[in-house]
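Below you'll find the structure, written out as structure tokens, and then a few comments.
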Amino acid sequence: MEFPFSRSYSDTEQQNHVKQAIDGNKESLNEIISYHQPFIYNVAWKMCHNPLDAQDLTQEVLIKVITKLGQFNFKSKFRTWLYRIVVNEFLQSKRRKGETQFSDFDDYGERLDQVPNPELSIEEEISYQELSKEMQIQCMSGMIMCLNREQRLIFILGASFGIDHTLGADLFGISKQNFRIKLHRARKDLFSYMNDKCGLVNKENPCRCPKKAKALKEMGVLDEKKMLFNLKTKTKVKDFAEENHEEALDDFTTTYIKLFQEHPIKDDFDKDTIIKELINNDKLSSYFRL
């Protein structure tokens, strides 16, 4: 997966593809979509808490980008122009199923407390290792869903992927100070909950992923053969998050952020099918000379 906010990103190269796409070059349009789609999908995945919803949202966003491509005036960075559209669509799109599961942190905590903490033998703890990882990632993903949409997206981009306040302010159309404040509040809300409930953060908390995983498997909620988050991949969020010393020194939450940055990047979604559908869509092609 390419990371469009890395220091090695070339906006000149992207703008050249845009010019050629507007002139009717399908390969250039394919290059634009192929480059940005995986990152957009992975942000959508974390926003939606569901891979299928993330795929739908990604396609909706890319359709909006394609239909507006001819409006790009080449006076600003293409990356900023594109991700302003992405941010706006993520904030304004219809509510997804994952967003209706939990109303707030109190509700989420109460539901988690209702899941038993059965005792585990050493052998069981080893056997539940992979399912425990699935439980951990699902649980932390659920925590993010307790944030409102704006907080959630700012946290995903600003904390997990390390986008700085200058770029973040540009994408959200707010001041740098306001972006920092909103990010700080999202982190504070999230990590206050984790410090109170999560055994990964505070060892005095009773919640333990292996115990919850055993209970949820017995309840039929978790299944090793149907894991959505603990994917067979070596690529993680931290591989794309660049060091941002200003944000790292922000407050006590640095250690917690590393937990989120250990989460996987999904690259086995049906991206080829989505690209073909977009490129070969007659209605979308009418916006260009394709």
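Residues: numbered from 1 along the sequence shown.
Between the side chains of Q20 and N16, no donor-acceptor pair is found at a separation under 3.5 Å. For the residue pair S6 and S8, a side-chain donor N or O sits within less than 3.5 Å of a side-chain acceptor on the partner.
Taking the side chain as every heavy atom from C-beta outward, Q151 and K182 never approach each other to under 4.5 Å. Side-chain contact check for I66 versus I33: some heavy-atom pair is nearer than 4.5 Å. For the pair S160 and I257, the minimum side-chain heavy-atom distance is 4.5 Å or more. A 4.5 Å side-chain heavy-atom check between M145 and R152 finds at least one atom pair inside the cut-off. Looking at heavy atoms from C-beta onward, M140 lies in side-chain contact with Q136 at the 4.5 angstrom threshold.
With sequence neighbours left out, the side-chain contact (heavy atoms from CB on, under 4.5 Å) criterion links C146 to F102, F105, Y108. Evaluation of the ring pair (Phe, Tyr, Trp, His ring centres under 6.0 Å) rule for F90 yields no partner, not counting sequence neighbours. Remark: K176 pairs with no residue by the salt bridge (Lys or Arg N to Asp or Glu O under 4.0 Å) rule, at least two apart or across chains. Partners of R185 under the salt bridge (Lys or Arg N to Asp or Glu O under 4.0 Å) rule, at least two apart in sequence or in another chain, do not exist in this structure. Q177 meets the side-chain contact (heavy atoms from CB on, under 4.5 Å) test with S175, R180, I181; sequence neighbours excluded. Not counting sequence neighbours, Q129 has no partner by the side-chain contact (heavy atoms from CB on, under 4.5 Å) test. K214 pairs by the salt bridge (Lys or Arg N to Asp or Glu O under 4.0 Å) definition with E124, not counting sequence neighbours. Partners of E224 according to the side-chain hydrogen bond (donor to acceptor under 3.5 Å, both in side chains) rule, which considers only residues two or more places apart in sequence or in another chain, are K217. Every residue was checked against the side-chain hydrogen bond (donor to acceptor under 3.5 Å, both in side chains) condition with H17, not counting sequence neighbours, and none meets it. Taking D223 as the reference, nothing meets the salt bridge (Lys or Arg N to Asp or Glu O under 4.0 Å) condition, with sequence neighbours excluded. For E125, there are no side-chain hydrogen bond (donor to acceptor under 3.5 Å, both in side chains) partners at least two apart in sequence or on another chain.
Panel note: side chain S192, backbone D189; no donor-acceptor pair is recorded below 3.5 Å. Counting only distance, with no hydrogens or angles, the side chain of E110 and the backbone of D107 share no donor-acceptor pair below 3.5 Å. Counting only distance, with no hydrogens or angles, the side chain of N202 and the backbone of N195 share a donor-acceptor pair below 3.5 Å.
Salt bridge E31/K26: absent, no basic N to carboxylate O contact under 4.0 Å.
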Legend entry - Check against side-chain contact (heavy atoms from CB on, under 4.5 Å), L153 and F172: CA-CA 10 Å; L153 188 53; F172 284 84; 3.7 Å; yes
Please report, to 0.1 Å, the donor-acceptor pairs under 3.5 Å made by any side chain of residues 74-87, with sequence neighbours excluded.
from, atom 1, to, atom 2, distance (Å)
R79, NH1, P4, O, 3.0
Y83, OH, H36, ND1, 3.0
R84, NE, D170, O, 2.9

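The aromatic rings of W45 and Y41 lie parallel to each other, with less than 30° between the two planes, well short of the 60° mark.
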